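The model shown is predicted, which means the values in this text are computed figures rather than measured ones.
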Amino acid sequence: MKKKQITQQVVCHNKKQYHHHHGDVTEQTIKYLCVSFFINIFLSCLELIGGVVSGSVSLIGDALHNTSDAFSILIAVIAFKVGRKKANHHYTYGFKRAEVVGGFVNLVLLFIAGCYLLVEGFIRLFRPEPIEGELIIGISLVALIVDAVTAKLSHADSHHNTNMRMVFVHNLADALGSVGVIISGVCVLVWGIFWIDGLVALCIAGYMIYHAVYGFLPIVRILMNAAPLHLNVDEIKNTLERIEGVCEIHHIHIWQINEADISFNCHIISENMEVVPILQQVLADKFGIYHSNIQVEKTATCRVCHL
């Protein structure tokens, strides 16, 4: 596309606001999360007591998973609340990255709980012990209902917020885990197969560890200020350099404040200061970058181009 064409397409939109709320979570959803937290804590205590009384490590494992999810919900609520605080002289970017820090803590807790359950599952798999199938089934049925309700509560904003989507997926997986524990109880009652309890525990542990490991890379990339995987730096550079009035673009930095907000920084060589809002509009419309800082230079000499 020619430079003049790009400029004409963008100028008509140069008065748009660049802020967006695509990943924001509503106050109503936060209230739902608080309700889900207390429900999951109650359920975890019920399953933990039932697991100890019945001798079922799979039920204890499901209790650990529910506890992990409950605290992940609590941390998410705190992160959402902290993230809405305004920037100050010490935290000039604001507190939006609190969600990322909260997510990192959740992953660590999930991984530790999964490793503990993995060891316990192997022990019960090779050294099965008698367990009470009726108690396991009864508590797991309650857990299944509660998990289904909490999954419904967390579904509200899951379609446009990654944190909420993970809460929903975890609650849904809890429901499936409860189904697994029910199957374990049925196997004990009908066929007297006690080692199935350890096998279900291993499945739950594997699920917990998988999600912990799988979730680390995106979180670490944000904490390391890496460019989002879906954006191509060369494509952005070439697109902006085709705009009329732009001679060259260098010193490009792209990073994420949190999972929803992408920031962009660059230096351009141009004689026209009015080209900046045009560049910002292109970044917003084509690449979803709503926070940009563009420094204009009139010479090809840049003191920081090596950074």
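- Using modelled atom types, one side-chain atom of R221 and one backbone atom of A227 make a donor-acceptor pair closer than 3.5 Å.
- When all heavy atoms are compared, the tightest approach of I262 to Q256 is CG1-CG, 4.1 Å.
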Let's go through L223 and R97 carefully: what are the C-alpha distance in whole Å and the side-chain angles of both, what is the deciding distance for side-chain contact (heavy atoms from CB on, under 4.5 Å) to 0.1 Å, and is it a yes or a no?
CA-CA 8 Å; L223 293 176; R97 193 162 280 186; 4.2 Å; yes
Does I73 form a side-chain contact (heavy atoms from CB on, under 4.5 Å) with N40? I'd like the steps, not just the answer.
CA-CA 9 Å; I73 292 172; N40 274 280; 3.9 Å; yes
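- Under a cut-off of 6.0 angstrom, the local environment of CZ in F194 is crowded, with over 12 non-hydrogen atoms contributed by other residues, nucleotides or ligands.
- Nearest heavy-atom pair across G245 and S270 is O-OG, 2.6 Å.
- In this structure, F111 and I209 approach most closely via the heavy-atom pair CE1-CG2, 4.0 Å.
- Other residues, nucleotides and ligands contribute over 12 non-hydrogen atoms within 6.0 Å of the CZ atom of F216.
- Between Y91 and F95, the ring planes lie tilted relative to each other; the angle falls in the 30° to 60° range.
- Between L107 and H211, the closest heavy-atom pair is CD2-O, 3.8 Å.
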Residues I196, L199; criterion side-chain contact (heavy atoms from CB on, under 4.5 Å); working and verdict
CA-CA 5 Å; I196 194 69; L199 180 62; 3.8 Å; yes
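- Between H267 and H251, the two ring planes are tilted [angle within 30° to 60°].
- The heavy-atom pair separating L125 from W195 by the smallest distance is CD1-O, 3.7 Å.
- Between the CD atom of E241 and the CG atom of N238 there is a distance of 6.5 Å, given to the nearest 0.5 Å.
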Is there a side-chain contact (heavy atoms from CB on, under 4.5 Å) between V200 and I183 once you walk through the steps?
CA-CA 9 Å; V200 172; I183 294 174; 5.9 Å; no
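- Taking both residues in full, the closest heavy atoms of V57 and D197 are given as N-OD2, 2.8 Å, listed atom of the first, atom of the second, then distance.
- Tracing side-chain contacts under 4.5 Å through hydrophobic residues (I, L, V, M, F, W, Y), one reaches L46 starting from L59; they form part of the same cluster.
- Side-chain contact check for E297 and H250: at least one donor-acceptor pair (N or O, by modelled atom type) lies under 3.5 Å.
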If you look only at distance, which donor and acceptor atoms sit under 3.5 Å apart when one is on a side chain in residues 137-144 and the other is two or more places apart or in another chain?
unit_1, atom_1, unit_2, atom_2, d
S140, OG, I136, O, 2.8

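- The 12-atom threshold is exceeded at CD of E235, counting heavy atoms of other residues, nucleotides or ligands nearer than 6.0 Å.
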